Amino acid sequence: MVFDYIDGAAGAETGAARNSAALEAITLRPRILRDVGERSLATQVFGTKASRPFGIAPMGMCNLAAPGADLMLARLAARYRVPLGVSTVASTSLEKILEVSEGHAWFQLYFSGDGAGTFKLAERALEAGYETLVLTVDVPEVGRRPRELRHGFKMPFRIGPSQLFDLALHPRWSLNTLLRGKPVLANFELEGYDFDRTESRARATWDTLDRLRDLWPGNLVVKGVLDVEDAQALAAAGVDAIQVSSHGSRQLESTPPPIEMLAKIRAELGPNFPLFYDSGIRSGEDVLKAIAIGADFIFLGKILQFAIAAAGEAGLERLWEAISAELSIAMAQTGQSKLTDGKLW
Ligand SMILES: Cc1cc2nc3c(=O)[nH]c(=O)nc-3n(C[C@H](O)[C@H](O)[C@H](O)COP(=O)(O)O)c2cc1C
């Protein structure tokens, strides 16, 4: 059930397949004899140094992958000085994650209901010390993911008869998770905060964005953008960055491949507008492809949770090192010493 929650995509999952095919079809330009003996994976994001051009996408209920997963990700963000997205529906409180990540956390906001709770949560994040707010706009209604529906997966996480059967078949996960306490929607444990995953998120408008822009003095990112006209309107509305993403193909099955939309949005907004990318990144070469297509910064999603589920914090570190090594080698092959070294394709 938990694997299918993390891995599942919308509908018959053709969107996810289309994006991997599009990523696969991109080729990099091999270059020779350019002294690439010293290479740096470092970059800057919102004026802050990051030791990698990739960070951690916001994901709800990570502690389902393994107990303590949120804080493993927070320590990773602190070690590598990269941004960590903290979901509205995170399984550890936004305050705790900000502390453990040593300030490298960005708060991800979902609009919900009439918006009252949403703005309250944004104010709480501001008070906690968050500098970057990521508004996710591609979930006006939660997408239908057949794998979740089949298991009766619910958030807050509930254990009924069919879940009990699943738990019995996976004793290691069950004992570990149940001993450490059932994962909760931690930002809603405080009195006065309430979240219903099934409540419609459909009532957000461009006015909502304007209100948020007025409220939020720091960096405002809008995540889940796949349309050139929307991207133009967002730039005009004064957002600080756009995150091109199909939510890992978890919402609408029939989106265009987000990696293709990244190229189109970059062409429209010009070379200087900050563009981030996530969805379908599986290797260091994929990271380099997204940079070649026009992303300034990349976010990794479900693969981080798989690494944690497979081998805990050590597994997460190994995956991170593997992606870093793949990126570094791909940079050597394409003649890049730095990530800003020139044309890659
Ligand atoms: C299990 C899971 C939970 C997620 N929860 C959220 C969330 O709460 N908020 C959000 O903006 N995106 C969420 N996402 C989407 C990610 O931020 C990101 O867009 C996506 O995972 C990238 O695709 P990838 O997993 O193929 O790398 C979630 C993704 C996964 C896999």
Side-chain angles (χ1 to χ4, degrees), residues 1-10 13 15-24 54-66 69-70 73 83-92 94 97 105-112 118 121 125 132-140 142-143 145 147-148 151 153 155-157 183 185-188 195 197 201 204 221-226 242-252 255 257-259 261-262 276-284 286-287 289-290 295 297-309 319 323:
M1 173 176 55
V2 171
F3 173 75
D4 281 336
Y5 159 62
I6 298 171
D7 194 48
E13 308 194 351
R18 197 160 42 252
N19 194 40
S20 345
L23 261 163
E24 240 171 68
F54 48 88
I56 304 155
M59 288 179 283
M61 295 297 281
C62 291
N63 287 354
L64 282 171
D70 282 319
L73 293 168
L84 156 69
V86 178
S87 168
T88 289
V89 290
S91 40
T92 303
L94 62 94
I97 299 183
W106 294 1
F107 186 63
Q108 177 269 319
L109 190 66
Y110 274 133
F111 182 87
S112 182
T118 308
L121 203 55
T132 300
L133 184 71
V134 180
L135 176 69
T136 298
V137 290
D138 57 4
V139 193
V142 175
R145 293 171 215 136
R147 291 202 237 168
E148 276 180 34
H151 290 295
F153 178 86
M155 231 197 268
F157 185 51
L185 299 179
N187 292 326
F188 301 92
F195 189 82
R197 190 193 189 209
R201 307 176 197 179
V221 182
V222 173
K223 169 175 182 280
V225 180
L226 287 174
I242 291 174
Q243 188 151 331
V244 177
S245 161
S246 66
H247 213 108
S249 305
R250 294 167 72 80
Q251 304 303 333
L252 179 69
T255 66
I259 195 72
M261 293 320 295
L262 171 64
F276 305 152
Y277 178 82
D278 74 58
S279 292
I281 298 291
R282 301 288 178 266
S283 69
D286 282 350
V287 171
K289 288 178 187 185
F297 203 82
I298 320 293
F299 289 88
L300 309 179
K302 64 168 88 161
I303 55 173
L304 301 173
Q305 293 209 55
F306 290 147
I308 291 173
L319 175 72
I323 303 271

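Read the numbers this way: they start at 1 and go in the same order the structure lists the ligands and their atoms. None of the values given here were measured: they were computed from a predicted structure.
- Between Trp106 and Phe276, the angle of the ring planes lies from 30° to 60°, which puts this pair in the tilted group.
- Every residue two or more places apart in sequence or in another chain that forms a ring-ring contact (aromatic ring centres under 6.0 Å, His included) with Phe54 is listed here: Trp320.
- Contact record, Ser245 with Ser279: OG-OG, 3.6 Å, taken as the closest heavy-atom pair.
- Side-chain contact between Val244 and Leu226: present, with at least one pair of heavy atoms (C-beta onward) separated by less than 4.5 Å.
- Applying the salt bridge (Lys or Arg N to Asp or Glu O under 4.0 Å) test to Glu13 and every residue at least two apart in sequence or in another chain returns Arg147.
- The 4.0 Å heavy-atom shell around ligand 1 contains residues Tyr5, Ile6, Ala57, Pro58, Met59, Gly60, Ser87, Val89, Gln108, Tyr110, Thr136, Lys223, Ser245, His247, Gly248, Arg250, Asp278, Ser279, Gly280, Arg282, Gly301, Lys302, Gln305, ordered by chain and number.
- In terms of the ring-ring contact (aromatic ring centres under 6.0 Å, His included) criterion, residue partners of Phe306 (sequence neighbours excluded) are, by chain and number, Phe3.
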